[in-house]
Amino acid sequence: MRLQGKSVLITGAGSGIGKCTAQLFAAEGAEVIVCDIDAAKGEETVAEIAAGGGTSAFLQADVTNPESVQAMVKAAIERFGRIDVLFNNAGISGVGAIHEVEPDVWDRVINVNIRGVYLPSKYVLGHMMERQSGNIINMSSCIAEIGLARRASYAATKGAVLALTKSMQVDYAPYNIRVNALLPGTIMTPFVENYLRSSYADPEEGFASIKSRQLTGELGRPDDVAKAALFLASDESKFMMGSPLYIDGGVVFGKNA
Ligand code: NAP
């Protein structure tokens, strides 16, 4: 029960890493606000948490829309009285080199992945500053640290989230608010499965390409990231401030050739 008594808001909690984290956090005693753009998937996360004996509520929001995010944060505070931890997890992928990416696709990736961190943070921070206490986890990616082919828009956003995390930490340290970032490698979620389906005729080819970047032959799983998020959300990481936490099977710091 490492999160007993904490209220946690997770964006994009209807699928993949966000869903797995919501389930783990609830099992560790947190009250979880499950936020997603997709109501059916968000409600499913809540039903699964309830079946496991945990406490959560679904609140729909589009993290790119200020009115939607502001209303969701207000409802979350009304429901649970406070937000101790904000996990800015929602994000979308973007495939293509610069010359291949159309402006509307570029804007969408930038919007969801950067504005989608800015807006929930903006509306939760006033509340955390008032309480002189808070913890924000931003979802970056190990792509912020390495060059990877044909991911221009996505890499730009995840690098921005890492820089934003450090800047936020400096601004909000005086309010006893910690801000850290998660940098996963490739994690098997619907997000990656869709990408593999659209990019490779044979999924095994895709798996081989992922493994070739790692120092382990194992594929990353949502609970690998959820456990790292648990550490950042808990007081066990109280001396971590503005830090990147890598969960990447050795992609960033390993060299196997
Ligand atoms: P996922 O399975 O697609 O889950 C993301 C969730 O966010 C989905 O339920 C999605 O809904 C929701 N979402 C998308 N746009 C939204 C919006 N505007 N407002 C609210 N919710 C929205 O993806 P995942 O793999 O778990 O990824 C979660 C995060 O981890 C992302 O930020 C991703 O960039 C990051 N990440 C993933 C990996 C990986 O290999 N999987 C690696 C590094 C970092 P829809 O399905 O309806 O769009």
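In each ligand, atom 1 is the first atom listed, and ligand 1 is the first ligand listed.
- Taking CE from M72 and CD1 from I33, the interatomic distance works out to 8.5 Å, rounded to the nearest 0.5 Å.
- The number of heavy atoms from other shown groups lying within 6.0 Å of OH (Y118) does not exceed 12.
- Using modelled atom types and a 3.5 Å distance limit, the side chains of S133 and D84 yield no donor-acceptor pair.
- Atom CZ of residue R108 and atom CZ of residue R115 lie 11.0 Å apart, to the nearest 0.5 angstrom.
- The closest protein non-hydrogen atom to atom 3 (O) of ligand 1 is F191 CB, 3.5 Å.
- The residues K227 and D223 are annotated as salt-bridged, a charged nitrogen and a carboxylate oxygen being separated by less than 4.0 angstrom.
- Of the protein's heavy atoms, G91 O, 4.0 Å lies nearest to atom 5 (C) of ligand 1.
- From K19, atom NZ reaches atom OG1 of T45 across 4.5 Å, with rounding to the nearest 0.5 Å.
- At the shortest separation from atom 25 (O) of ligand 1 among protein heavy atoms lies T189 OG1, 2.5 Å.
- For the pair G220 and ligand 1, no heavy-atom separation below 4.0 Å is found.
- Between D171 and K166, none of the side-chain N atoms (NZ, or NE/NH1/NH2) sits under 4.0 Å from a carboxylate O, so this pair counts as no salt bridge.
- Heavy atoms of K19 come nearer than 4.0 angstrom to ligand 1 in no pair at all.
- Remark: R2 is not positioned above the aromatic ring of F231, lacking an NZ or CZ atom under 6.0 angstrom from the ring centre and at most 45 degrees off the axis.
- For the residue pair R178 / S237, a side-chain donor-acceptor distance below 3.5 Å is found, with atom types taken as modelled.
- Contact analysis puts T186 in contact with ligand 1, with a non-hydrogen atom separation below 4.0 angstrom.
- At the shortest separation from atom 9 (O) of ligand 1 among protein heavy atoms lies D36 OD2, 2.7 Å.
- The nearest heavy-atom contact from the protein to atom 19 (N) of ligand 1 is V63 N, 3.0 Å.
- For G116, the heavy-atom gap to ligand 1 stays at 4.0 angstrom or more.
- At a heavy-atom distance under 4.0 Å, atoms from both the backbone and the side chain of D62 approach ligand 1.
- Taking distance alone, with nitrogen or oxygen atoms compared against 3.5 Å, I187 approaches ligand 1 more closely than that limit.
- Listed by number with element, the atoms of ligand 1 under 4.0 Å from a non-hydrogen atom of A61 are 19 (N), 20 (C).
- Between the side chains of N89 and T11, no donor-acceptor pair of N or O atoms lies under 3.5 Å.
- Using a 30° and 60° split on the angle between ring planes, F191 and Y154 fall in the tilted class, from 30° to 60°.
- With respect to atom 14 (C) of ligand 1, the closest heavy atom belonging to the protein is I92 CG2, 3.9 Å.
- Proximity of K41 to ligand 1, defined as any heavy-atom pair under 4.0 Å, is confined to the side chain (atoms from C-beta onward).
- Heavy-atom contacts of G16 reach the following atoms of ligand 1: 2 (O), 26 (O) (cutoff under 4.0 Å).
- Within a 4.0 Å radius of atom 21 (N) of ligand 1, the protein contributes at least one heavy atom.
- Around atom CD of E130, no more than 12 heavy atoms belonging to other residues, nucleotides or ligands sit under 6.0 Å away.
- In this structure, G185 counts as a contact residue of ligand 1, since one of its heavy atoms falls inside 4.0 Å of the ligand.
- We find the CE-CG distance between M240 and L232 to be 5.0 Å, quoted to the nearest 0.5 Å.
- For ligand 1, the polar-atom distance check finds no N/O of S140 at less than 3.5 Å from any of the ligand's N/O atoms.
- Counting the atoms of ligand 1 from 1 in the order shown, those under 4.0 Å from a heavy atom of N89 are 28 (C), 29 (C), 30 (O), 31 (C), 32 (O).
- Given atom 47 (O) of ligand 1, the protein heavy atom at minimum distance is I37 CG2, 3.7 Å.
- Between I92 atom CD1 and I37 atom CD1 the span is 9.5 Å, to the nearest 0.5 Å.
- With a 4.0 Å heavy-atom cut-off, ligand 1 is reached by the side chain of V192 but not by its N, CA, C or O.
- Side-chain contact of R197 with N194: a donor-acceptor pair under 3.5 Å is present, judged by distance alone.
- Using a 4.0 Å cut-off to heavy atoms of Y154, the atoms of ligand 1 that qualify are 33 (C), 34 (O), 35 (C), 36 (N), 37 (C), 43 (C), 44 (C).
- The distance from ligand 1 to the heavy atoms of I17 drops below 4.0 Å at these ligand atoms: 26 (O), 30 (O), 37 (C).
- Listed by number with element, the atoms of ligand 1 under 4.0 Å from a non-hydrogen atom of S141 are 43 (C), 44 (C).
- Considering only non-hydrogen protein atoms, atom 2 (O) of ligand 1 sits nearest to S15 OG, 2.6 Å.
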